[in-house]
Each structure stands twice: as C-alpha cells, then as structure tokens.
Amino acid sequence: MAQQEDVFKKIVSHCKEYGFVFPSSDIYDGLGAVYDYGQNGVELKNNIKQYWWQSMVLLHENIVGIDAAIFMHPTTWKASGHVDAFNDPLIDNRDSKKRYRADVLIEDQMAKYEDKIQKEIEKAQKRFGDNFDEAKFRATNERVLENQKKYDDLHHRYQEVMNAEGGIDLEGLKQIILDEGIVCPISGTRNWTDVRQFNLMFKTEMGSTADGASTIYLRPETAQGIFVNYLNVQKTGRMKLPFGIAQIGKAFRNEIVARQFIFRMREFEQMEMQFFIQPGTELDWFQKWKEYRMKWHQNLGFGAENYRFHDHDKLAHYANAATDIEFHMPFGFKEVEGIHSRTNFDLSQHAKYSGKKIEYFDPETNESYTPYVIETSIGVDRMFLSIMCHSYEEQQLPDGQVRTVLHLPAALAPVKLAVFPLTKKDGMPEKAQEIINDLRFHFNCKYEEKDQIGKRYRRMDAIGCPYCVTVDQQTLEDNTVTLRDRDTMEQKRVPISELRSIIEDKVSITSLLKKLL
Ligand code: GAP
C-alpha cells in the first residue's frame with residue numbers, strides 16, 4: 001500500500017515537472033482542489049474529449065451535441081432537487097479541527113474489511129497454487145468469515161441510515177462512526193461533532209446588488225443544461241426517440257473532502273450524454289449503455305482486469321438502476337463514470353417548475369409521453385488521472401539505467417512525433433524543420449535540438465511521445481531517418497516519404513474509433 005502511495009506521489013510530481021497539471025495559481029501557493037492543465041496536459045485532455053465526443057456524436061446518428069451555459073436560471077436547481085438535496089453529511093474532529101464526510105469514513109471502514117479478506121485470499125492462493133478453490137476458502141476460513149460478517153453488518157446498517165425515511169439519518173451515521181471506533185487519521189481520536197448536512201453548490205450573484213441581484217449557482221453537473229434544452233433540440237433537430245444529447249463542460253462542487261489530486265476537484269469537467277427513450281425500455285437501454293461504455297474504456301488497452309462495475313445499492317429516489325465504472329487507481333478501484341437510469345424525473349420536474357409541456361409525440365404509438373432517460377456521465381479529469389496512473393512506468397533497462405516513460409495510448413499522446421537533428425550543423429536542423437513543416441498538418445510534432453540524443457529520447461519518453469525521428473549525415477545523402485519507438489525503444493531506418501503513412505494511422509483518434517464498431 002505504502003509503495004502504491006509512493007507511486008502516486010511520483011505521478012503527481014511528474015504531472016507538474018512535465019507540464020501536465022499545475023496547482024491553480026501556483027505562484028500564490030495554489031488553491032485547494034483546483035488545478036490548471038499545462039502545455040502537455042491540455043493536449044492529452046483535448047484528445048480524451050475528442051475520443052469521447054466522436055464516439056458519441058460521430059459514431060451515433062441519433063446523438064447530437066450541445067454547449068449550454070454554466071449559469072442557468074436558479075429555478076433549474078430547485079426543480080432538479082440540488083437546492084434541497086445536493087448535500088454531503090459532514091463531521092468534524094474536535095481535536096484536529098479537520099472536517100470529513102461521514103459517509104466516506106464509513107465506506108473507508110468497509111473497504112478495510114474487504115482489504116483484510118482480500119489479503120487472506122491472496123495468501124492462501126500463494127500457498128495452494130493451482131489447487132486453490134476461492135469459493136470454498138471464503139465459505140470456510142475463520143478470519144475471512146469474521147471479516148465478512150463485520151462487513152455485512154456494517155453494510156446493512158449503513159444502508160439503513162442512508163435510506164432512512166425523510167432522508168439520511170444523521171444521528172445514525174454518527175453512531176456507526178462511534179460504534180466502529182473510527183478515529184480521525186490526523187489526531188487519532190474519536191472526539192467527533194454531530195453530523196451536519198452541507199450543500200455543495202457554489203453561489204454567486206447576477207446583476208448589481210442595488211437593483212435586487214438574484215442568487216445563481218455555478219452548475220454542479222452539466223446534465224441539467226441538456227434537460228432544459230430537450231424541447232429545443234428535439235424540435236429543431238426533428239429528433240425521433242430514441243435519441244441522445246451529449247455535452248462536455250465545466251462543473252463546480254464545493255467538495256469538503258477534496259483529495260487525491262485531480263480525483264476530487266472543486267472545478268472539474270464532465271462529459272455527459274442523456275439518452276431519451278420510450279418508458280418501459282429503460283432497463284434494456286441501461287444494459288446496452290453499460291456495455292458500450294465499458295467497451296469504450298477497455299478499448300484503450302489497459303486490460304479488462306483494471307475495470308469493474310459497481311452497481312448501486314442505494315438509488316437516488318428518481319433512479320431505477322445505477323452503476324459506476326471503476327478503474328484500478330494506485331489508491332484502489334475508484335469511480336470514473338456513472339451510468340444512471342433516471343426515469344422521467346428531470347423532464348417532469350422541469351415541466352412542473354416551468355409550466356411548459358415537455359412531452360414527445362410518438363408517431364408509432366400515437367401517444368404523447370414524457371421520455372425516460374439513460375445518462376452516461378464521466379469526469380474528464382478522472383479519466384485523465386486513470387490514464388496517467390496506468391501509463392506511468394519507471395522502467396529498469398538492461399544497462400542498469402532507469403527510464404521514466406509514459407505508455408500513453410498513441411492516439412491520446414500530447415505529442416505524436418519528435419524530430420531531432422543529430423547535430424546543429426551541416427543543414428540537419430533545416431532538414432528536421434522541413435520534415436515537421438510537412439507533417440504538422442497531420443499530427444502534433446515537436447522539434448528538439450538541445451542535449452545529446454539520449455537525453456532528448458528520455459524527455460520524449462517522459463511526456464509519452466510515441467515516435468522520435470533523428471536526422472543524421474545519412475539523411476542528407478539518401479533522405480532516410482531513424483525512427484524510434486517509445487515502448488520497444490527499437491530503431492529502424494525509414495524513408496522520410498514513408499513517415500506519414502507509418503505514423504498517422506497509429507496516432508489518430510480514428511484508429512481507436514474503428515475498434516469500437
Ligand atoms: N449528472 C450525473 C452526475 O453528475 P456524478 O456521479 O455526481 O453524476 C459524474 O458525477 C462523474 O463526474 C463522476 O463519475 C466523476 O468522474 C466526475 N466527478 C464528480 N465529482 C467530481 C469531482 N469533485 N472532481 C472530479 N470529478 C468529479
């Protein structure tokens with residue numbers, strides 16, 4: 001575990017050192033849980049967004065995109081339930097003065113029991129090798145049974161307090177924390193305050209205060225911008241059910257427990273798609289979208305074992321199915337995307353609060369109804385983090401050296417090709433520039449002439465550049481260059497005229513998209 005934490009720390013520093021992610025307002029020592037993307041980060045982020053957008057809008061004839069404003073009419077958030085219910089249950093430790101989410105403290109405690117079980121299983125697996133029968137071991141091993149019971153009891157109690165009539169039972173939550181003996185990680189004490197609800201929306205004012213400014217919110221999700229535009233898009237696009245509306249944009253949440261770098265931020269970006277369907281078909285569509293979204297993730301080649309679904313026990317009152325796609329981060333399996341069957345809750349609420357009829361006339365059944373919705377909602381920043389975590393490697397080389405390399409999927413890499421003149425003379429820089437001038441229209445290229453070639457390779461490995469080309473004396477004679485592969489470090493001699501055809505297909509988003517069909 002400690003080793004994994006070290007790796008994570010290294011990834012965070014790597015992100016800063018190589019221009020991927022900086023703390024916001026760094027010269028003023030940063031701003032809590034707010035980050036800026038640097039020169040390489042923004043390219044990677046844009047490529048992630050492009051991969052998502054094109055997989056939704058380009059590959060689906062019945063999905064269109066929009067770009068709604070961040071500020072919305074304040075009644076939007078009353079209708080969506082965010083004003084009344086977008087809360088986190090918080091608890092303070094009186095000794096450390098630190099504030100925590102009570103539900104997260106309990107979920108962490110459940111994860112500890114799961115970890116203990118997992119460790120027993122791994123130990124036994126090593127001992128028994130191929131003869132190991134996990135199901136039997138789980139059913140008979142005393143320590144596993146003991147921890148499983150603790151987990152089940154806690155899980156049951158937790159469900160009860162989270163789903164209590166009239167909302168979360170705050171006293172019940174505190175009682176669990178006390179009964180489980182959960183201590184503050186900073187002070188180590190159990191000196192807890194009561195649990196209180198805290199709304200996560202940021203407020204600001206529109207208009208001058210003198211003439212009666214109104215309070216508005218920074219949107220906590222992009223989804224509502226889609227719901228309030230349902231009629232506009234359906235009518236102007238003459239869309240027929242089933243159809244989807246996709247959007248990428250910023251969202252803001254006043255997260256109290258902001259941790260793990262860009263995993264939980266106060267300003268972040270979402271890629272959301274609301275798919276409008278006929279009532280009664282939602283569980284089929286939910287299943288289809290679950291499968292498609294998992295395929296989208298696994299298409300990046302990080303290995304199926306690093307993903308899992310986490311079906312929700314606790315459903316929001318308007319949802320009739322919900323699952324998370326979790327990715328194996330250095331700090332455990334964590335949610336990257338949520339897929340929710342939201343019934344007709346949002347559209348009905350907006351119809352009620354706006355007084356507008358929000359319905360679909362179905363020409364096939366001659367009926368009007370409020371469509372049901374399947375939502376897929378993924379955080380760009382979490383996706384970014386999962387890609388960084390999986391790609392980062394400190395690789396031991398045969399000559400005893402260690403190189404830090406980012407094995408980014410080539411289609412997402414910020415720079416696709418680096419071109420180096422071997423020396424700064426004999427027309428080599430000019431030849432290198434010529435190659436770049438020709439290829440820059442097709443993919444992102446970078447020119448580098450400083451330091452020895454070995455150092456230049458290392459710098460490119462560190463930003464995940466899949467290909468490097470060196471222009472040398474022979475190039476000037478026969479127009480060939482050495483092409484070096486980031487992952488295998490193999491070099492081969494190729495004609496300049498073939499560079500585009502060798503590289504373009506491998507580094508294009510299209511190559512990823514084709515594998516989705
Ligand atoms: N419209 C549904 C919705 O917003 P959510 O589960 O609250 O659902 C969806 O958020 C996704 O947005 C999450 O799976 C996560 O990737 C991302 N996300 C949510 N809160 C975040 C935060 N504070 N920082 C970074 N990403 C966040």
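Please read these numbers as outputs of a predicted model, since none were measured by experiment. Every number for a ligand or one of its atoms is a count from 1 in the order of the listing.
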- Task: Give the residue, atom name and distance (to 0.1 Å) of the protein heavy atom nearest atom 17 (C) of ligand 1.
- Result: G379 CA, 3.7 Å

- Atoms in ligand 1 with a heavy atom of E337 nearer than 4.0 Å: 14 (O)

- Task: Return the residue, atom name and 0.1 Å-rounded distance of the protein heavy atom closest to atom 25 (C) of ligand 1.
- Result: F263 O, 3.2 Å

- Message: How far is atom 13 (C) of ligand 1 from the closest protein heavy atom, and which atom is that?
- Response: E335 OE2, 3.2 Å

- Query: What do we get for E272 next to ligand 1 when only non-hydrogen atoms under 4.0 Å count, side chain, backbone, both or neither?
  - Reply: side chain

- Query: What's the shortest heavy-atom distance between Y292 and S55, and which atoms?
  - Reply: OH-O, 3.2 Å

- Heavy-atom nearest pair, D67 first then I248, reads OD1-O, 4.3 Å

- Task: Could you find the nearest protein heavy atom to atom 12 (O) of ligand 1 and give me its residue, atom name and distance?
- Result: Q270 NE2, 3.3 Å

- Item | contact_flag R342 ligand 1 heavy-atom lt 4.0 Å | yes

- Evaluate whether atom CD of E61 has more than 12 neighbouring non-hydrogen atoms of other residues, nucleotides or ligands under 6.0 angstrom away. no

- Message: Just to be sure I read this right, does ligand 1 sit under 4.0 Å from the backbone of R264, its side chain, both, or neither, counting only heavy atoms?
- Response: both

- Would you tell me which option among M265, R253, H312, E326 has the nearest heavy-atom contact to atom 23 (N) of ligand 1? M265

- Task: Examine K78 relative to Y353 and say whether NZ or CZ is less than 6.0 Å from the centre of the six-membered ring and inside a 45° cone about the ring axis.
- Result: no

- Query: Quick one: does V336 get within less than 4.0 Å of ligand 1, heavy atoms only?
  - Reply: yes

- Pi-cation contact, W285 with K288 (under 6.0 Å, within 45°): yes

- Tell me, which protein residue and heavy-atom name are nearest atom 9 (C) of ligand 1, and how many Å apart are they? S377 OG, 3.0 Å

- Query: Quick one: which of F268, F384, Y35 has a heavy atom closest to atom 26 (N) of ligand 1?
  - Reply: F268

- Task: Look at the side chain of Y51 and the backbone N and O of L412, then say whether any donor-acceptor pair between them is shorter than 3.5 Å.
- Result: no

- Message: Between I177 and E180, is the side-chain contact (heavy atoms from CB on, under 4.5 Å) condition met? List the steps.
- Response: CA-CA 5 Å; I177 290 172; E180 286 285 326; over 6 Å; no

- Item | atom 15 (C) of ligand 1: nearest protein contact (heavy atom, Å) | R382 NH1, 3.5 Å

- Message: Would R266 pass as a cation-pi partner of F252, given that its NZ or CZ must be under 6.0 Å from the six-membered ring centre and within 45 degrees of the axis?
- Response: no

- Message: Counting neighbours of NZ on K514 that are heavy atoms of other residues, nucleotides or ligands and sit closer than 6.0 Å, is the number greater than 12?
- Response: no

- Give the residue and atom name of whichever protein heavy atom lies nearest to atom 2 (C) of ligand 1, and the separation in Å to one decimal. E375 OE1, 3.0 Å

